[in-house]
Amino acid sequence: MLNPEQQAAVEHTGRPLLILAGAGSGKTRVITTKIAYLIREKGYDPRSILAVTFTNKAAREMKERACRIEERAENAMLRTFHSFGAWFLRRNAAAAGLSPNFTIYDDDDTITLLSSVMTGAPKAEVRAAAGRIARAKDYFLGPDSLELPLVDQTNRFRIVYRRYEEKLREIGNVDFGDLIKKPVEILRDNPAIKAQMRGRFRVIMVDEYQDANIAQFELLRELYADDTYICVVGDDDQSIYSFRGAEVQNILQFPEKFNGVDTIRLVRNYRSVAPILDLAGIVVNNNVGRLGKELIAERGGGKAPRLVFVQDQETEARFCANLVERSVDAGGAYADWAILYRTNAQSLGFETEFLRRRIPYRVVGSLKFYEREEIKDTLALLALLCNPRDEVAFRRVVNKPVRGIGGTTVERILEHAAGRDGDLLAALNEAQTGMTAKARLGTQSFLAALDKARRLLEGETPPGNTPPDDETALAKATETVVKQETGAEIGTGEKEIKGDKKGKGEQDKKEKSARPLLQGAEGLSLCVASLAIGSGIAGYHHTNDDIKGESRLANLQELVNAASLYPASAEGLAEFLEHIELDRSIASGENADDTDMVTLITLHNTKGLEFKKVIMTGIEQGIFPRWDKHDMELEEERRLFYVGVTRAMDDLYMTCAQIRRVWGQTQMMEPSVFLHEARDAGLKLVGDIPWSWQK
């Protein structure tokens, strides 16, 4: 049984339709029922219906549900945007100068091809360029587009992008971005093909329209004719993926881009109780860029959201664990609970507490903290510092980042170490005489980083180490990283297409990019940060991935934070590693087949999910939202808050710490601006209310 708004949306035909579907309002039911309705009641040929969404899972679900209502929906084209683009390109390959049997390059293939253009360039630089090319195609920008500086302002990037495109044409293949960009170009350049496609598809439907990028909008515009029925479904308040290229203006400006648009708002929420929806609405109403709607809780009233003031992140983790345990003791399930946080790095405190209490959990959308590559690499460095005979740790990090120390050299060092009481670092030092200049330079840098860390454990401030209280130097280094995406620069000038084969300056760039790890660090945390930076591991992981680099650096920051609880000594380091190993061994013994687990998940990954009980954590200024978020970016952070709140069905808790370790140093925190905006939402306050909330 459909409610009045859903029924109106299903039966609407004729003019373009925008369905503003609020959280938990049954949008998937509406779109699948509408496909069946158009076939059964309005006589549309199923083959004339094109419905697109963003994931294969969503496309499959859409088709399955539509077919359960009307079998003939099997013949409708229900695909992802990129799947449709691939279908279109193979059908019209000649118009694109392609063979119908072209290959679609994934990210790794793209990097491999781009490496042949950027000869000798470090992989991190190539990966960064590949990410910018992908972003350019999301924006529907080619190498000669005047707006290309929106992606990268350097002329160097334009040259690299142009040569990459030439290579793709020579080979006759396409990358992922081409699956949208090339069909648009074909439709614009070939009136006959455009007329054929417009004649074929009389209905165009788009799910999750708020997640569409500019290129996808251009594709819709080319497929649309005045007599085409177009219907898009989405929620402007849930547009949270700009970092993937999503453009919220697509949905905000839909009524302006298509003539005579009707708008139907689905506002009846079947998921959450009223106080939770009231909170979400009060906060998101502060956004200027929205079309506006007020959700109605079909489930009626319920418990007021609780705002819990805690002392610090350890208290926060204990509070969450206590809530879960009490709920389970009262007959509830672990799976009822979800712990939400802004960044993956924040999972560490909860993982540690849950492991020690034997609370089963799963981390969604990411590896568990100690399984993340950057963490395993740094722990290997620390293990080697603690025990120079640790062969496993030595093998993992001696040539990472690449220092020119090949497998044969490593085996020779291991043999030599046997006569040195197993001391691998002493053997490595003595092996320099037979190395290439590059390997020798890399070895010296590696050994110097370990020596500096050792001296820090002994209470010294080694030469060249920035004292932790030198705020000016550290602030300058941090500012440099903020203003530049260090290690991701492509440079300027045609002659620079070849990378610096000697690697001159590359290590310096990577060290500088990771420098914020040192900001305010002291004690053992300073040792960990210094070693991660000096060894090149932090810079390597920060610059090796244009999208995930900041997240990986944040994970390392959290490891640095954890180290601050231990004394800066050899004994403190050993104790730190012992506690980590105990946690890892507990985690490895957990039953992976158990489905009754607490969910640990970032706010971005929660979209489309729901949980009976939700705890949103770290709701403090500088954490959520971050300090660098302003204007449109702040509005997206507010939408992210809205998404997190509306995941909760029955109970919602929000935690706010008064102090938190950031960059290895304890900082006073203030409640998030979003919490201040929610003052009129009837929040129930728990804990010691800070002065910053009362003012």
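Because the structure is predicted, anything quoted here is derived from the model rather than measured.
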Discussion item. Checking N285 against R290: is there a side-chain donor and acceptor pair closer than 3.5 Å?
Written reply: yes

Fill in: Test item: Q346 side-chain N/O and T343 main-chain N/O as donor-acceptor pair under 3.5 Å
yes

Practice prompt. Output, in order, the C-alpha distance, side-chain angles, deciding distance and verdict of side-chain contact (heavy atoms from CB on, under 4.5 Å) for Q216 and H82.
Written response: CA-CA 9 Å; Q216 288 160 344; H82 289 93; 3.9 Å; yes

Worksheet item: Should the pair Y209 and F254 be assigned to parallel (<30°), tilted (30 to 60°) or perpendicular (>60°) ring geometry?
Response: perpendicular

Discussion item. Treating S327 as the side-chain partner and L323 as the backbone partner, does any N or O pair qualify as donor plus acceptor under 3.5 Å?
Written reply: no

Worksheet item: Where do V528 and A563 come nearest, in terms of heavy atoms and distance?
Response: CG2-CB, 3.7 Å

Fill in: pair R647-V643: side-chain heavy atoms closer than 4.5 Å
yes

Response to the item:
For V233 and A21 the tightest heavy-atom approach is CG1-CB, 4.1 Å

Discussion item. Any side-chain to backbone donor/acceptor pair from K63 onto A76? Under 3.5 Å, distance only.
Written reply: yes

Practice prompt. Using salt bridge (Lys or Arg N to Asp or Glu O under 4.0 Å) as the criterion, point out the one residue from R639, K293, R638 that pairs with D236.
Written response: K293

Fill in: Side chain T617, main chain L340, donor-acceptor under 3.5 Å
yes

Worksheet item: Hey, does V232 have a side-chain heavy atom less than 4.5 Å from the side chain of N250?
Response: no

Worksheet item: What orientation do F243 and H604 show, parallel under 30°, tilted 30 to 60°, or perpendicular over 60°?
Response: perpendicular

Worksheet entry | T606 side-chain N/O to L609 backbone N/O, donor-acceptor pair under 3.5 Å | no

Worksheet item: What's the shortest heavy-atom distance between I282 and A678, and which atoms?
Response: CG2-CA, 4.3 Å

Practice prompt. Identify the residue among E316, Q311, Q667 that makes a side chain to side chain donor-acceptor pair (under 3.5 Å) with R660.
Written response: E316

Worksheet item: Taking D235 for the side chain and D237 for the main chain, is one N or O donor matched with an acceptor at less than 3.5 Å?
Response: yes

Discussion item. Could you check whether any side-chain heavy atom of T263 comes within less than 4.5 Å of a side-chain heavy atom of L20, counting everything from C-beta outward?
Written reply: yes

Discussion item. For G289, is there any backbone N or O sitting under 3.5 Å from a side-chain donor or acceptor partner on E635?
Written reply: yes

Fill in: Pair K607 + D211, salt bridge at N-O below 4.0 Å
yes

Worksheet entry | R40 side-chain N/O to I69 backbone N/O, donor-acceptor pair under 3.5 Å | yes

Discussion item. Do L600 and F369 make a side-chain contact, defined as non-hydrogen atoms from C-beta onward lying under 4.5 Å apart?
Written reply: no

Worksheet item: Are any non-hydrogen side-chain atoms of L556 and T378 less than 4.5 angstrom apart?
Response: yes

Worksheet item: Is there a donor-acceptor contact under 3.5 Å linking the side chains of Y642 and Q238?
Response: no

Practice prompt. Please name the pair of heavy atoms, one in A345 and one in N555, separated by the smallest distance, quoted to 0.1 Å.
Written response: CA-OD1, 3.0 Å

Discussion item. Please check: side-chain N/O of D138 versus main-chain N/O of N213, any donor-acceptor pairing under 3.5 Å?
Written reply: no

Item to complete: Classify the ring geometry between F81 and F54 as parallel (under 30°), tilted (30 to 60°) or perpendicular (over 60°).
Response: tilted

Discussion item. Quick test of your reading of the model: are R342 and E637 salt-bridged, counting only N-O distances below 4.0 Å?
Written reply: yes

Practice prompt. Find the distance between CD (Q249) and OG (S242) and round it off to the nearest 0.5 Å.
Written response: 11.5 Å

Discussion item. If we check ring pair (Phe, Tyr, Trp, His ring centres under 6.0 Å) with F309, which of these qualifies: F319, Y653, W693, W691?
Written reply: W693

Worksheet, complete the sentence: Nearest heavy-atom contact between D596 and A333 is OD1-CB, 3.5 Å

Practice prompt. Let me know which of R265, K27, R29, R268 forms a salt bridge (Lys or Arg N to Asp or Glu O under 4.0 Å) with E5.
Written response: R268

Practice prompt. Would you please test K303 and D650 for salt bridge (Lys or Arg N to Asp or Glu O under 4.0 Å) and show each step?
Written response: CA-CA 7 Å; K303 297 177 184 177; D650 302 327; over 6 Å; no

Worksheet item: Do E353 and R357 sit within salt-bridge range, that is, some charged N less than 4.0 Å from a carboxylate O?
Response: yes

Discussion item. Suppose we screen for ring-ring contact (aromatic ring centres under 6.0 Å, His included). Which residues come up paired with F350, at least two apart in sequence or across chains?
Written reply: none

Worksheet item: Does any N or O in the side chain of Q313 come within less than 3.5 Å of the main-chain N or O of R661, such that one atom is a donor and the other an acceptor?
Response: yes

Worksheet item: Looking only at side chains, do S272 and R299 share a donor and an acceptor under 3.5 Å apart?
Response: no

Discussion item. Restricting to non-hydrogen atoms, name the atom on S239 and the atom on V248 that form the minimum distance, rounded to 0.1 Å.
Written reply: OG-CB, 3.5 Å

